[in-house]
Amino acid sequence: MKLELPRYTERFGSVKIHDIQRVLLLDSSEDSPPHSTSVCNIPRSRIEEIERRMAIVIPVKNEKLKVLEGVISAIPSECLIIIVSNSRRNKVDRFRMEYEMVEQYVYYTKRAVWMIHQKDAGVGSAVRKIGYEDLLDEKGLVHDGKAEGMILGMLLAKASGKDYVGFIDADNYIPGAVHEYVKIYSAAFCLAQSPYVMVRISWAYKPKILEGSLYFSKWGRVSKITNKYLNKLITSFTGFETEVVKTGNSGEHAMTMKLAELLDYSSRFAIETGEIINILEQFGGVLDPKFYEPMEKGVEIFQIETRNPHFHEEKGDEHIREMLFDSLLTIVSSPLCPDSLRSEIFEKYPDMAKSRSSASRRVIRSFINVDVKSFLDGLISSNSIIMLGRST
Ligand code: GDD
C-alpha cells in the first residue's frame, strides 16, 4: 500500500494526532520505490505480518445475514475474526441463523472465527468471575450496547494472544471497503513509531440517495458535530484553532493491544469519541497519568482516508440523535472540557441532559488487570463460545 505521509501533526502532551493521510495505491510490493519525502510504501508482506497478529471484532445486532457474510468474506484470511452478537433470540433466533451462516462459510474457507452472544448467561457469569463488573447489569448479564460488545471482543482478542485489535461494523454493504479498512489498519501500524497506536478510518465518501440519485457526502451527520467540539476542546488548551480531528465517530478503527488495554471506555455509541477523550485525559499531560510508559514513548493517532466509499445501513433520525447525544455527553463529562464549551454544547442541545443517553451513560474501566485467560476458560467451560475453523 502507498500512503501519503502525515503532513501535519497536532501534539497534545504525549499524544500525536496525525492529520488525514490518503491512500495512493491499494496494493504494492517490496519492489515499489520505498519512502519518498511525501509518500511511503508498505509492501504487502509487511501488511501480512501484522494481519497474522491481528483480531478483527465485528459487533452485530440484527443485521442482514447477506451483508454480514460479505463483511466476513472481506477480512484477510490471517486475521482472527471475533463476532460479538446481540441479535434477537426470541421468536426467530437470529444468533442461530448467524451461527449457521458462519459455520457453512468456515467449512469452505477453513479460517478462524470465534462467536459469542453478548446476553448469554454463561458470558455474564464468566465476566463476573473475573471481576469485571463494569460490564454487567443488575441481572448479571452484559449490558446492551455496541461498546460493551466491542469490549467483550477485545478481551477475547487479548486472550487469543493477538497484538492488534480492529473493529468493523456488520452493516457494511461493500466487502471491498471492508478489505481496504483492514489493510489500512496494518499499514498504519507499520508506520507507527510508538507501541501505543490507534488508526481511525476516514471515509472518502458516505453516499446517500437524494432525489433519486446518488449524492457523495463527505461527512456523516454526527461526525461533523463531534469533530467540531473535539477540536474546540483541543484548542482550549493549545490556544491555536485546529481542525485536526476528523474521525471523532469512526466505528472503523484499530489499536495496538498495548493501547487498547489501558483505555477506559464510554458505553454504547460513545465509545469512539470516548477513546479520543480518554487518550487526551490519560496521556495529554494535563491530568496525572496512571501509566508512565506511554507518556515516555508517546501515543499516536492516525487518520487515514479510504479509496472506497462507505455504504452502510441507514437507521433513521432517532438513532442519529442517540449517537450524537452519546458522543457529546462524553465530551461534556470529561474533566478536560472547559466550562465555556460545556455551556455551549448544553445551550445548543438542551434535550441532551434529559435523553436516554444521559440516563444510561457509563464508563467501563480499562482491562489491563483483567484475567483474560480465565475469561476464555470460563466461556469454554460453559459452552458460551463457538470456535470455528483453524486454530489461531
Ligand atoms: N454486539 C453488539 N451489541 N453490536 C451492536 C449493538 C449491541 O448492542 N448495537 C449495534 N451493534 C452493531 C451493529 O449491528 C453494527 O454492526 C455496529 O454495531 C454499528 O451499529 P449501527 O447501529 O449500525 O451504527 P451506525 O452504522 O449508525 O453507526 C456507526 O457509525 C458511526 C459513525 O458514522 C457506528 O459504528 C457508530 O459507533 C459510529 O459512530
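Ligands are counted one by one from 1 in listed order, and the atoms in each one are counted from 1 as well.
Ion pairing of D377 with K129 is absent here, as no side-chain N (NZ or NE/NH1/NH2) approaches a carboxylate O to less than 4.0 Å. Checked for salt-bridge contact, D27 and K183 miss the test: no charged N lies under 4.0 Å from a carboxylate O. E180 and R307 are not joined by a salt bridge, as no carboxylate oxygen comes within less than 4.0 angstrom of a charged side-chain nitrogen. With salt bridges taken as basic N to acidic carboxylate O contacts below 4.0 Å, none links D326 and K146. Residues R96 and E100 are paired through a salt bridge, judged by an N-O separation under 4.0 Å between the basic side chain and the carboxylate. Taking the charged nitrogens against the carboxylate oxygens, R321 and E318 do have a contact shorter than 4.0 Å, which makes a salt bridge. Ion pairing between a basic and an acidic side chain is recognised when a charged N comes within 4.0 Å of a carboxylate O; R200 and E275 show such pairing.
The contact set between ligand 1 and G251, taken as ligand atoms under 4.0 Å from a residue heavy atom, comprises 35 (O). The distance from ligand 1 to the heavy atoms of W203 drops below 4.0 Å at these ligand atoms: 32 (C), 33 (O). Near M323, meaning under 4.0 Å from any of its heavy atoms, are these atoms of ligand 1: 27 (O), 28 (O), 36 (C). If you number the atoms of ligand 1 from 1 as listed, the ones under 4.0 Å from a heavy atom of V84 come out as 1 (N). Each of the following atoms of ligand 1 lies closer than 4.0 Å to a heavy atom of E63: 13 (C), 14 (O), 15 (C), 16 (O), 23 (O). Interface atoms of ligand 1 facing H319, defined by a heavy-atom separation under 4.0 Å, are 21 (P), 22 (O), 24 (O), 25 (P), 27 (O).
Contacts between M150 and ligand 1, counted as non-hydrogen atom pairs separated by less than 4.0 Å, are absent for every part of the residue. Contact annotation for D169 and ligand 1: heavy atoms of both the backbone and the side chain come within less than 4.0 Å of the ligand. Contacts with ligand 1 closer than 4.0 Å are made by no heavy atom of E148, backbone or side chain.
For N249, a nitrogen or oxygen atom sits less than 3.5 Å from a nitrogen or oxygen atom of ligand 1, counting backbone and side chain alike. Ligand 1 has an N or O atom lying under 3.5 Å from an N or O atom of A170, backbone or side chain. Ligand 1 has no N or O atom lying under 3.5 Å from any N or O atom of S223, backbone or side chain. Checked by distance only, ligand 1 and K146 come closer than 3.5 Å through their nitrogen or oxygen atoms. At least one N/O-N/O distance between K61 and ligand 1 falls below 3.5 Å.
With respect to atom 12 (C) of ligand 1, the closest heavy atom belonging to the protein is P59 O, 3.5 Å. Of the protein's heavy atoms, K206 NZ, 3.2 Å lies nearest to atom 33 (O) of ligand 1. At the shortest separation from atom 23 (O) of ligand 1 among protein heavy atoms lies K315 NZ, 2.4 Å. At the shortest separation from atom 20 (O) of ligand 1 among protein heavy atoms lies F269 CE2, 3.7 Å. Nearest to atom 8 (O) of ligand 1 among the protein's heavy atoms is G145 N, 2.9 Å. Atom 3 (N) of ligand 1 has as its closest protein heavy atom Q118 OE1, 2.9 Å.
Inspection of the H310 and Y181 side chains reveals an N or O donor paired with an N or O acceptor under 3.5 Å.
A distance of 6.0 Å or more separates the ring centres of Y185 and Y164.
Annotation: ring pair (Phe, Tyr, Trp, His ring centres under 6.0 Å) contacts involving residues 236-279, sequence neighbours excluded, comprise F12-F237, F167-H253, F269-H319.
A cation-pi arrangement is not found for K110 relative to Y108, the charged atom failing to lie both closer than 6.0 Å to the ring centre and inside a 45° cone about the ring normal.
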Side-chain atoms of residues 78-88: list all donor-acceptor pairs with protein atoms under 3.5 Å, sequence neighbours left out, distances to 0.1 Å.
from	atom 1	to	atom 2	distance (Å)
S85	OG	S87	N	3.1
S85	OG	S87	OG	3.2
S85	OG	E98	OE1	2.8
N86	ND2	D144	OD1	3.1
S87	OG	N62	N	2.9
S87	OG	E98	OE2	2.6

